[in-house]
J.: 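I have a structure I would like to understand better, so I am pasting it below and will then ask my questions one at a time.
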2 protein chains.
Amino acid sequence: MSEELLPQPDTGEIQLVKVLHALGDPVRIQLLGIYADGEEHSCDPRVLGLERLHKSTVSHHMRVLREAGITSTRAAGRNRYVRLRRADLDARFPGLLDSLLGSLASGGTGEDVPPAA
Amino acid sequence: MSEELLPQPDTGEIQLVKVLHALGDPVRIQLLGIYADGEEHSCDPRVLGLERLHKSTVSHHMRVLREAGITSTRAAGRNRYVRLRRADLDARFPGLLDSLLGSLASGGTGEDVPPAA
DNA sequence: CCAACGGTTTGACGCTCGTCAAACAATAGA
DNA sequence: TCTATTGTTTGACGAGCGTCAAACCGTTGG
């Protein structure tokens, strides 16, 4: 059995400008919202609600997020489990993640917001 | 005499993903640090400490920041005065700007940090 | 009126990005 | 041992970005 972490930057090496660049994309900011629960998630576009995108495209976004230091990916068997690096990000940039997730919830993404009706 | 504001998005129209995209660039995140004092600033690259960049390049970055809703530009005579839209950003995304500026100060940009010596 | 100033706009260049498709790799299950 | 599953990698394509240079525009000051 294999059980290893895919390469990712050390906490101290995470750069703000790269984090912002990584999140300055509609798909990846949406992924951040999905990962906000702190749980592990599969990479399958169907599971993530990203059926509109090819699996290789999703894989690409995963890599960008991981290399920016935002997510951590664990490989187990033929599955990969992606999780938010909440503690590391909080240590590196205190308060940033919380305000980002808060802003996301306040609807700053231009997504379709169904009326409260 | 002319004295008008260049076009910019209304506070409610500011989109998080566009803000992050705008700030996910080394030059523009540096500009954010300059504007952090809340004062008005000229566009002259020499005044901004951006001598390495052509004035048209700086002008381009100004436009990106303004159209993302991050800055406000006032035209007076042949000068333009750029200022951070702190109140608008705080209203739209509470806490985001503060944590961004804090993260910037914590050195997450990969900039050269002179030793404390 | 005319020249200098502060910025913007346009066009060009190379590079990066987001996306898909196809091939590939590794594991799990029958 | 096949075959299906899960995801990565590579290559291609069009679009967008960051930069510079040159032309342009409105304003200021002789």
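In what follows, every chain begins at residue 1, and chains take the letters A, B, ... in the order their sequences are listed.
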J.: Nearest of D:dC17, C:dT8, D:dT6 to any side-chain atom of B:H21?
T.: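 Among D:dC17, C:dT8, D:dT6, the one nearest the side chain of B:H21 is D:dC17.
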J.: Determine: side-chain N/O of A:H61 to OP1/OP2 of C:dC17, distance under 4.0 Å, yes or no.
T.: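 The answer is no; no side-chain N or O of A:H61 sits under 4.0 Å from OP1 or OP2.
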J.: Taking only side-chain N and O atoms of B:S42, does any of them lie within less than 4.0 angstrom of OP1 or OP2 on C:dG7?
T.: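 Yes, such a contact exists.
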J.: Could you work out which one of C:dT9, D:dG7, C:dT8 sits closest to the side chain of B:S56?
T.: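 Nearest to the side chain of B:S56 among the choices is C:dT9.
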J.: Between C:dT8 atom P and B:E67 atom CD, what is the distance in whole Å?
T.: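 Going from B:E67 (CD) to C:dT8 (P), I get 12 Å.
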J.: With nearest nucleotide decided by heavy atoms, which residue, B:R28 or A:P45, maps closer to the 5′ end of DNA chain D?
T.: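 Its nearest nucleotide being more 5', the pick is A:P45.
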J.: Which residues satisfy the side chain to side chain contact (heavy atoms under 4.5 Å, CB included) test with A:V64, sequence neighbours excluded?
T.: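 Applying side chain to side chain contact (heavy atoms under 4.5 Å, CB included) to A:V64 gives A:A22, A:R28, A:H60.
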J.: Which of these nucleotides, D:dT6, C:dG7, C:dG18, is closest to any side-chain atom of A:H60?
T.: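 The answer is C:dG18.
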J.: Whole angstrom is fine here: how far is it from CG in A:L31 over to P in D:dG7?
T.: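 Between P of D:dG7 and CG of A:L31: 13 Å.
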J.: Could you tell me the separation between the CD atom of B:E4 and the C1' atom of C:dT8, rounded to a whole number of Å?
T.: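 Distance, rounded to whole Å: 14 Å.
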J.: Which nucleotide, D:dT19, C:dA22, C:dT8, lies nearest any side-chain atom of A:H54?
T.: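 Of all the options, the side chain of A:H54 is nearest to C:dA22.
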J.: Taking the side chain of B:S59 as its heavy atoms from C-beta onward, which of D:dT19, C:dT9, C:dT19 lies nearest to it?
T.: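 Nucleotide nearest to B:S59's side chain: C:dT9.
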J.: Rounded to whole Å, please give me the gap between CZ in A:R52 and C1' in C:dT19.
T.: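 So the two atoms are 12 Å apart, to the nearest Å.
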J.: Could you give the CG-to-C1' distance, from B:L23 to D:dC17, as a whole number of Å?
T.: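 After rounding, the reported distance stands at 16 Å.
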J.: Using whole Å, report how far CZ of A:R63 lies from C1' of C:dC17.
T.: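 To the nearest whole Å, that distance equals 13 Å.
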J.: Ignoring hydrogens and angles, are the base of D:dT6 and the side chain of A:R78 linked by a donor-acceptor pair under 3.5 Å?
T.: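 No, no donor-acceptor pair under 3.5 Å.
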J.: Rounded to whole Å, please give me the gap between CG in B:L48 and C1' in C:dG6.
T.: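 Going from B:L48 (CG) to C:dG6 (C1'), I get 12 Å.
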J.: Taking side chain to side chain contact (heavy atoms under 4.5 Å, CB included) as the definition, give me every residue that meets it alongside B:S99, ordered by chain and number, with sequence neighbours left out.
T.: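 Counting only residues at least two positions away or on another chain, B:S99 forms a side chain to side chain contact (heavy atoms under 4.5 Å, CB included) with A:L96, A:S99, B:L96.
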J.: Looking at NZ of A:K18 and CD of A:E13, how far apart are the two atoms once the value is rounded to the nearest 0.5 Å?
T.: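 Answer rounded to 0.5 Å: 9.5 Å.
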J.: Among the nucleotides D:dG7, D:dG18, C:dG7, which one has an atom lying closest to any side-chain atom of A:D44?
T.: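 Within the option list, the nearest is D:dG7.
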J.: Could you give the CG-to-P distance, from B:D25 to C:dT16, as a whole number of Å?
T.: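 After rounding, the reported distance stands at 14 Å.
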J.: Side chain of A:R46, heavy atoms from C-beta onward: which of C:dG6, C:dG7, D:dT6 has the nearest atom to it?
T.: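 My answer, after comparing the listed nucleotides, is D:dT6.
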J.: Does A:D10 reach the main-chain N or O of A:G12 with its side chain, forming a donor-acceptor pair under 3.5 Å?
T.: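 Here the side-chain-to-backbone pair does not exist.
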J.: Under 4.0 Å between a side-chain nitrogen and a carboxylate oxygen: does that hold for B:R83 and B:E40?
T.: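 Yes, this pair counts.
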